[in-house]
Amino acid sequence: MTAARISAETETPLLLVSSPDAAAQGGCLWFLEILRQANAEVPAARLAMALDCGDAAGFALEALDCGITGVIYRGEDPVRTKLGQLAELHGASFLTERPRTLFLDEQPDPEAACRAWIKMESP
């Protein structure tokens, strides 16, 4: 919950991004649970989420149906366009490529890395 705590402390909105193609490995419910736990432990955190569905349209559709508010889908048109329209109807963000991402589990000091990331990304 390092990112959630730092988001609250700095009043900075953060996008929690799953690992690449994570929807194929764990579905969408585990990702919703991460956000639920983060919000429960740190209610002042300003968090959004994006589940990486790779090029699997079925996983992207499932993510939207289960309430994921951000989907990353790297598949081709015309499916990409249709999923983008569905995401808009669900009020979800729809990304066609992965944003720059900091993986805290790869950092020797996750808190320092998160603070540096926020400082670097803030205008």
Do L32 and M1 share a hydrophobic cluster, counting only Ile, Leu, Val, Met, Phe, Trp and Tyr and linking them when any side-chain heavy atoms are less than 4.5 Å apart?
no
What residue among I72, L102, L95 forms side-chain contact (heavy atoms from CB on, under 4.5 Å) with V17?
I72
If you measure from OG on S93 to CD on E88, what distance do you get to the nearest 0.5 Å?
12.0 Å
Is the backbone N or O of D52 less than 3.5 Å from a side-chain atom of S18, with the two atoms forming a donor-acceptor pair by type?
yes
Spell out, as yes or no, whether a donor-acceptor pair under 3.5 Å connects the side chain of R80 to the backbone of Y73.
no
Are any non-hydrogen side-chain atoms of V42 and S7 less than 4.5 angstrom apart?
no
Quick check against the 3.5 Å criterion: does D21 have a side-chain atom that pairs as donor or acceptor with the backbone of A24?
no
L89-V79 co-clustered via ILVMFWY side chain contacts under 4.5 Å:
yes
Is there a path from L15 to V71 through hydrophobic residues (I, L, V, M, F, W, Y) whose side chains come within less than 4.5 Å of each other?
no
Can you tell whether the side chains of R5 and E111 come within less than 4.0 Å, N to carboxylate O?
yes
Please determine whether side chain to side chain contact (heavy atoms under 4.5 Å, CB included) holds for the pair L14 and R46, giving the CA-CA distance in whole Å, both sets of side-chain angles, and the decisive distance to 0.1 Å.
CA-CA 6 Å; L14 293 179; R46 297 171 55 197; over 6 Å; no
Check for me, please, whether F59 and L16 land in the same ILVMFWY cluster - side-chain distances under 4.5 Å, paths through other members count.
no
Minimum heavy-atom separation for A63 to C53, with atom names?
CB-SG, 4.3 Å
Answer with yes or no whether the side chains of Q37 and E33 bring together a donor and an acceptor at under 3.5 Å.
yes
Taking only Lys NZ, Arg NE, NH1 and NH2, and the carboxylate oxygens of Asp or Glu, determine whether R115 and E9 approach each other closer than 4.0 Å.
yes
Check: A113 main-chain N/O paired with W117 side-chain donor or acceptor under 3.5 Å:
no
To the nearest 0.5 Å, what is the distance between CG (L86) and CG (L64)?
6.5 Å
Output the distance between atom CD1 (I6) and atom OG1 (T2), rounded to the nearest 0.5 Å.
6.0 Å
Is the closest side-chain heavy-atom distance between T96 and R74 below 4.5 Å?
no
Could K82 and D77 be called an ion pair, given the rule that one side-chain N must be under 4.0 Å from one carboxylate O?
no
